[in-house]
Amino acid sequence: MIVRAKDPVCHAQETIGNQSIFMRKSVRLPGGARAQVPMLSGDCIRHQLREAGAYGTLQEAGILDDPQLSEGALRLLFNGGMVTGKGDAAVINLERYRELVALFPPLALLGGCADNRPIQGQLNVDEGNLLCTEMLHLAPTWVVDWANENGEKIETCRASIEEVQRVRMDATLQPEKVKLLSDNAKANVNSRLLKSEKAHEDADSKAKSESKSAMMPRTHERIVQGSLLWIGIEARTYGDLEFDAFQFTVACLLNNFRVGGKLGTGHGRLEFVAGARIHFKPSAGTLERVGSELAPKVGDMYRAHVQLRKEELASWLRSAINS
């Protein structure tokens, strides 16, 4: 699918001093040159799929009104669980894991942990690739065709990244805020300000460092708002119910697709633009272009399954689960 950054996207790989660096990967260009291209990790997209499937299923089962999940069930649904130590109580064995897969098909797709081993899922998630000149030779043909048909100008990856600055302010530098302090706190603040002033006059770097305020400028890199990326999600499904559960999970994801950091400050929203379904077969695949919305009946079978067994699912999730 092609998605558009409805907000700027912040997805850091490291911090150098007060600067947050956007995640990048090395890409070989035609001819042998290398480029560092911004990307979204497959881990972050896969996790959002897991969360979307979990929340969507709990909603359909009516459990969100009064969740009461056990700690193990919470970890299993939202993090895939964890391998537990010997002797832990209420360990999920393989039989119980299979029971939950029958009640909660997204777990089969995404995988999880049972007793002393992780169990692989049936889902492959690609990294989020920026639609830029450096990645054009690696983009699916239908993505390139869509860009040409819609008059989308493809720019370099450098044009899709911007650096912005934010400043954490220090209330003790504002006289009107200082008036709110206790007498003892006021004395401490004034003492620090005087020490800072003297250190500046004496060019005493050590004293200046010790008396500096908490105000801190910082910068971070982010993908420019409106940038285009392509993402691939592949599932191996066994039966109509699993296939419908997969489509239901993707539909829940696209309903509110957010990735990366700084979500609480206007970052991370992605919106679906266009997509293509490829039905893989042993011999060949058939390509089906899809519009801006999924089919209207997607998820109907899965919803009916969840609602039919919602009491059993609620009972299972509220039991003691060690995962």
Side-chain angles (χ1 to χ4, degrees), residues 43-123 125 233 235-259 263-264 294-323:
D43 300 78
C44 81
I45 298 170
R46 186 184 179 91
H47 178 72
Q48 293 306 318
L49 270 170
R50 188 184 290 275
E51 288 218 351
Y55 275 122
T57 301
L58 294 176
Q59 174 67 32
E60 291 298 326
I63 297 176
L64 282 181
D65 296 331
D66 182 29
Q68 301 295 317
L69 302 184
S70 67
E71 185 178 345
L74 183 74
R75 280 198 301 262
L76 187 61
L77 294 189
F78 290 95
N79 300 109
M82 65 182 185
V83 176
T84 55
K86 183 178 180 180
D88 286 339
V91 171
I92 289 185
N93 56 32
L94 288 173
E95 191 59 38
R96 295 195 71 198
Y97 182 86
R98 293 190 186 101
E99 290 174 10
L100 186 55
V101 165
L103 295 171
F104 187 74
L107 186 60
L109 298 173
L110 290 155
C113 292
D115 197 355
N116 66 336
R117 63 178 62 85
I119 298 177
Q120 185 175 344
Q122 300 161 204
L123 204 65
V125 180
I233 304 170
R236 298 176 300 281
T237 60
Y238 300 84
D240 292 339
L241 177 62
E242 277 192 1
F243 180 64
D244 202 47
F246 168 60
Q247 295 195 95
F248 173 83
T249 300
V250 173
C252 288
L253 173 73
L254 297 182
N255 187 48
N256 187 24
F257 196 177
R258 294 177 182 265
V259 295
L263 298 181
L294 295 174
K297 293 186 178 181
V298 164
D300 285 356
M301 182 186 299
Y302 179 66
R303 288 190 182 92
H305 168 82
V306 171
Q307 290 165 7
L308 179 66
R309 306 188 68 176
K310 63 183 181 181
E311 292 183 5
E312 191 178 351
L313 175 61
S315 175
W316 206 102
L317 292 173
R318 289 165 179 163
S319 65
I321 298 175
N322 190 24
S323 178

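A donor-acceptor distance shorter than 3.5 angstrom exists from the side chain of R318 to the backbone of P67, with no hydrogens or angles considered. At distances below 3.5 Å, at least one donor-acceptor pair connects side-chain atoms of R236 with backbone N or O atoms of G121. Looking only at distances, a side-chain donor or acceptor of H305 sits under 3.5 Å from a matching main-chain atom of A102.
Closest non-hydrogen pair, V259 versus L263, comes out as O-CD2, 3.4 Å. A pairwise comparison of heavy atoms in L77 and A54 identifies O-CB, 3.9 Å as the closest pair. Minimum heavy-atom separation, P105 to A245: CB-CB, 3.8 Å. Closest approach of Y302 to D244, counting heavy atoms only: N-OD2, 2.8 Å. Of all heavy-atom pairs between Q307 and K310, the closest is O-CG, 3.4 Å. Closest heavy-atom contact between F78 and H47: O-CE1, 3.2 Å.
In this structure, CG in L107 is found 7.0 Å from CZ in R50, a value given to the nearest 0.5 Å. Distance check, rounded to the nearest 0.5 Å: CG of L69 to CG of L64 gives 8.5 Å. Atoms CG and CD, from N79 and E51 in turn, are 8.0 Å apart once rounded to the nearest 0.5 Å. Taken to the nearest 0.5 Å, the CD1 atom of I119 stands 13.0 Å off from the CG atom of L110. Atom CG of residue L76 and atom CZ of residue F104 lie 8.0 Å apart, to the nearest 0.5 angstrom. With rounding to the nearest 0.5 angstrom, the OG atom of S70 is 8.5 Å from the CZ atom of R75.
For D240, the CG atom sits in a loose shell: 12 or fewer heavy atoms of surrounding residues, nucleotides or ligands are nearer than 6.0 Å. Residue Y55 qualifies as open at atom OH: its count of foreign heavy atoms under 6.0 Å is 12 or below. Atom CD of E311 is surrounded by 12 or fewer heavy atoms from other residues, nucleotides or ligands within 6.0 Å.
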Would V306 and R303 count as a side-chain contact (heavy atoms from CB on, under 4.5 Å) here? Give the steps. CA-CA 5 Å; V306 171; R303 288 190 182 92; 5.8 Å; no
Please lay out, stage by stage, how T249 and L123 fare under the test side-chain contact (heavy atoms from CB on, under 4.5 Å). CA-CA 12 Å; T249 300; L123 204 65; over 6 Å; no
Please determine whether side-chain contact (heavy atoms from CB on, under 4.5 Å) holds for the pair L109 and T237, giving the CA-CA distance in whole Å, both sets of side-chain angles, and the decisive distance to 0.1 Å. CA-CA 8 Å; L109 298 173; T237 60; 4.1 Å; yes
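Salt bridge annotation for D43-R46: absent, with no cationic side-chain nitrogen under 4.0 angstrom from a carboxylate oxygen.
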